**Q** 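Here it is, the structure in full.
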Amino acid sequence: MVRDLLLYTIVILLLVLIFQRQLIRQAITTVFYGLAGILFLYYGINDTTLLTCMLEIGGSLLFMTLLGQALTPTKYTYRQCVLKKNHDLLTLLRVQPGFTFRLEQRDDEFYYMLLDGELLERMGLNLQVNLNKWEHVKRIGDILELSSETLEQLTEYYKQAWFGDRIVFELEFWEYSALITLHPVRMDGFTRYVIGHVLDITEYKASEQKKKEMSESSHAKSVFLAHMSHEIRTPLNGIIGLSKLLSKTQLTDVQKDYLHKLLASSRTLLSMLNNVLDFSKMEACKLELERVEFELEDMLRHLADTVGTLLEHKEIEVVFITDPELPKSFKGDPLRMEQVLLNLLTNAIKFTDQGHVLLEVKMVGQQDGRISVSFMVEDTGIGISKTGMDKLFVPFSQVSTSTHRYGGSGLGLSISKQLAEAMGGTIEVKSCLGEYSQFYFNVELEKGELKTKSTQLEKSVYDKALILAQHELVSRSLDELLQDLGLQTLIVSSFQEYADAFQKGEQFDLVMIDMGIAGFRELESWRHWFHMLDKQMTQVIGLTTVFQLEAVAADAADHGVDAFLSKPVTRSALLELLRLRSKQEKSGSVDNHSLEAAATMNSQYEVGNSTQKYQILIAEDNEISQVVITEFLAERGFEVTVVTNGREVIKVLERCSWDVVLLDLHMPEMDGFETARHIRKNRAFDRLPIIAFTADAVQPEREVWLRAGINDMLLKPVHELTATKMLNSWIHLAWLQELYGIHAEKAIAGMDGKVYIFQFSLYKWIQEYQYLDKRIVRKMDNGQLSSALRLIHSLKGGTGNLCATELLAKVIELEKTLKRSNETSAGELYPDWREQLSAVQKEINHIKSSIPWI
């Protein structure tokens, strides 16, 4: 019975051996032969016959022999596996892009016990150092042609690695560059060996060198463009300035025509220069977009002021119409948006000789706090053909040869398109050759949170207004503006309609007249309708262009025009004028000159031709620029003293009490920066405003000139109105009074009375905390409560130094709220901290928006 069971077992094991894998089969075979031999001896010894004994002994020996044979292949196969793995590992090492080595130490000397890799093969070095061979480091160094200094440095690195440090360094040998990493392998607190990996970074270093060369080339290009800009802008400043001065003298009609063409050519050259510089920035990917809060009306007003100077003597109407439903403030880049619109409007004016140019701003839609805004620029100019559309936005190209007579670089529209797309917007075009063109600049903006100025009249003295204008778009624009301000309006298009309205007994508080209307300049016509007005009841505002103002203002003011608005008229300009009139009505005095100044200069800080002569010290080495700037400042009532360099400024500085110092940044002997630093060394001039001007397109960083003690910066060619506005804002430090939420004088007193230190501190404070909310939220979301509290504590200190009491109170409350929790999930426990943080950020944004030089 037992034998039968054994036989069955043997058969089953044989079947298993047939179908099992090699390693399992070998193990079972070994066990099987051993058991079979033992059992054969044990059970067979009971038989008495000699033959049986012999057979059993022979069978047992046979099984034992088979057992020995089974054990031998298992050992052999295991050895083969180990060798195969080693071979695979070496193969892997040989194909890697660098090479690997194993480093060991004997008697303070280092040896390689493994050295292989594809880099060695490329170098033609088949060293074949493996685990069975020791190779001295110095010998390998000789083969790689390493200098003695390099070998000494390698030995130092190896020693550091042997003491347990992970070392990474670069090494140059032959024409290769390598990054070497040393990994110590430690056991029981001792380093057994070091694994080194050499990575071939030759191509990477070459690409880095190429990038460096490209960067240097780009920098050289930027420097060249800046210098070119300076060299062109300086004489251009003189040409434009002298041309304006010449236009105010007695000239013949032919001379006026020549002068008009000279100014137009100069402005075209300036525009081309600006476009080339902008295009180069875009090409170098160095054009950065801001995201700040701004008021749309302020941007449009500045745009209107600029566009008004482009009209020259063209008899076309430029009209701005804005949707009253638009939010008052947005978040975006107002400077780049204005640049896009200015390019579109400049082109429209350039290619239009009759009719109108219209800028219409509409709200297309809104969702989740984002507003879709469409700016449409329409003109009645030469139009664009269907074939011309294809190359409309191609740089340095023009639609057709017929447009060359208008001048230009062919860059304006290309730059506008790139800027629009960078802001996430689009530019679309509709046009009919010979009839019109419509450019649509569509962009999505985030709704702002600024405390904007009210766009309504407070207790207005106006109830009813008469609009006298021939052009339909001018009438429509004024009608919408006045009705939005709460006035009833009547529109007439001729003097006869005007007379008919008065004969019917109509009474008006306000009359707005387009002074370009036919017949207005005929004095008798003016006198005729003027006598119909009750000047005790009616305010008259004349609409004109900047270039027509001087020609019509004298006669018109003598015969009843109370104030002037330059076209195109914007909501903020009209509102400011009416508010001024309303305020003066209440005080019982009306200063027509101040009304004119407010309307035509559009300046928040306009001082005008005051009886007081403000003393301006100017350092300018260019003779033509000296003449230009002296003349236009003298016309505005300033007393001007001119010197040629910074050293002369230092000499004359204490001769009298100066109101403002103007410095050219680039002067011989002592430049503007050094001059400003010398001035600031004298405590007597802590409050003296220093304004620099430069012709470099790449202006110095704001922090650079603030550190030097310069308060503000002008870019040549200097526009008269821009310069006058800046000067008036700094005389008596008028802008300090306009800062939101900051007690400026108290803060300055705490800074040793140095205004420029206060200004620099304010700038750095804005730079540090303008994105406070995002930084705090990120820290809180990452569970970094203590880090968030440190940031808020830092804000509290800076806010206290600036004497921003209202903001300080909100910061303290926010800090208290966050301190209530020691948990990193404070947002779940105290959700009101987010609301408090939002209130703090709004206050910071309001302060930033009130600073005129940021």
Side-chain angles (χ1 to χ4, degrees), residues 257 260-261 264 267-268 271 300 303-322 341-362 374-386 388-389 392 398-400 402-408 412-413 416 427-441 467-481 491-494 497 512-521 542-549 551-552 565-570:
D257 182 58
H260 163 69
K261 290 179 171 61
R267 290 196 175 98
T268 299
S271 176
L300 292 176
L303 185 65
D305 294 342
T306 307
V307 169
T309 64
L310 302 176
L311 285 174
E312 298 289 345
H313 300 290
K314 281 198 171 187
E315 298 292 335
I316 61 174
E317 293 291 345
V318 180
V319 182
F320 285 14
I321 297 178
T322 57
L341 295 173
L342 184 59
N343 277 336
L344 297 180
L345 286 166
T346 301
N347 272 355
I349 292 171
K350 179 167 44 174
F351 295 115
T352 304
D353 293 322
Q354 58 183 359
H356 70 266
V357 171
L358 168 67
L359 171 61
E360 188 169 16
V361 189
K362 289 184 177 180
S374 174
F375 299 86
M376 189 268 285
V377 176
E378 177 186 83
D379 66 71
T380 55
I382 62 176
I384 308 167
S385 65
K386 291 183 179 179
M389 289 284 194
L392 193 61
Q398 294 183 333
V399 171
S400 68
S402 64
T403 60
H404 286 297
R405 64 188 179 92
Y406 293 96
L413 288 178
S416 297
I427 289 186
E428 300 172 2
V429 189
K430 295 180 182 178
S431 184
C432 181
L433 188 63
E435 294 186 23
Y436 71 89
S437 295
Q438 292 176 337
F439 285 79
Y440 294 86
F441 168 35
I467 300 170
L468 175 56
Q470 284 184 325
H471 201 283
E472 181 183 353
L473 283 176
V474 175
S475 301
R476 174 188 160 193
S477 172
L478 295 173
D479 183 48
E480 290 185 4
L481 289 176
I491 300 174
V492 296
S493 59
S494 66
E497 292 180 27
M512 299 192 71
I513 177 171
D514 185 352
M515 304 184 79
I517 194 171
F520 172 78
R521 296 183 185 179
L543 307 180
T544 183
T545 66
V546 173
F547 295 95
Q548 294 172 343
L549 181 61
V552 301
L565 272 175
S566 58
K567 295 186 288 186
V569 179
T570 61

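Computed from a predicted model, the values in this text were never measured in an experiment.
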**Q** Tell me, please, which residues at least two apart from Leu433 pass side chain to side chain contact (heavy atoms under 4.5 Å, CB included).
**A** Ser385
**Q** How many angstroms lie between CG in Leu478 and CD1 in Ile491, if you round to the nearest 0.5 Å?
**A** 8.5 Å
**Q** What closest approach, in Å, do Ala469 and Ser475 show between heavy atoms, and which atom pair accounts for it?
**A**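 Minimum heavy-atom contact is O-OG, 3.4 Å.
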**Q** I need the Glu317 CD to Thr352 OG1 distance, nearest 0.5 Å.
**A** 12.5 Å
**Q** Do Leu344 and Phe441 have side-chain heavy atoms sitting under 4.5 Å apart?
**A** yes
**Q** Working to the nearest 0.5 angstrom, can you tell me the gap between Leu303 CG and Thr570 OG1?
**A**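 Going from the CG atom of Leu303 to the OG1 atom of Thr570 covers 10.0 Å.
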**Q** Determine the minimum heavy-atom distance between Asp514 and Leu543, stating which atoms define it.
**A** OD1-O, 3.6 Å
**Q** Please tabulate, for the side chains in residues 354-362, all donor-acceptor contacts under 3.5 angstrom to protein atoms that are two or more places apart in sequence or on a different chain.
**A**
residue	atom	partner	partner atom	Å
His356	NE2	Glu378	OE1	2.9
Glu360	OE2	Arg476	NH2	2.9

**Q** Can you spot which of Leu565, Val474, Leu468 makes a side-chain contact (heavy atoms from CB on, under 4.5 Å) with Met512?
**A** Leu565
**Q** Could you check Glu480 against Ile321 for side chain to side chain contact (heavy atoms under 4.5 Å, CB included), going step by step and ending with a plain yes or no?
**A** CA-CA 8 Å; Glu480 290 185 4; Ile321 297 178; 3.3 Å; yes
**Q** Is it the case that more than 12 heavy atoms not belonging to Glu497 sit under 6.0 Å from its CD atom?
**A**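 Result for CD/Glu497: enclosed.
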**Q** Do you know which two heavy atoms are closest between Met389 and Lys430, and how far apart they sit?
**A** CE-C, 4.3 Å
**Q** Which pair of heavy atoms, one from Ser437 and one from Gly383, lies closest together, and at what distance?
**A**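 Reported closest heavy-atom pair: OG-CA, 3.5 Å.
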**Q** Give the minimum heavy-atom separation between Phe320 and Ser477, together with the two atoms involved.
**A**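 Heavy atoms only, the tightest pair is O-OG, 3.0 Å.
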**Q** Start with the C-alpha gap between Val307 and Leu342, add the side-chain angles, then the distance that decides, and say whether side chain to side chain contact (heavy atoms under 4.5 Å, CB included) holds.
**A** CA-CA 7 Å; Val307 169; Leu342 184 59; 4.1 Å; yes
**Q** Could you give the distance from CD1 (Ile316) to OG1 (Thr380), rounded to the nearest 0.5 Å?
**A**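 Between Ile316 CD1 and Thr380 OG1, I get 7.5 Å after rounding to 0.5 Å.
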**Q** Looking at Tyr436, is its backbone amide N or carbonyl O close enough to the side chain of Ser431 to form a donor-acceptor pair, meaning the two atoms are under 3.5 Å apart?
**A** yes
**Q** Go through the structure and list residues passing side chain to side chain contact (heavy atoms under 4.5 Å, CB included) with Glu428, not counting sequence neighbours.
**A** Thr426, Tyr440, Asn442
**Q** Just how far is it from atom CD of Glu435 to atom CD1 of Ile382, taken to the nearest 0.5 Å?
**A**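 Here the interatomic distance stands at 13.5 Å.
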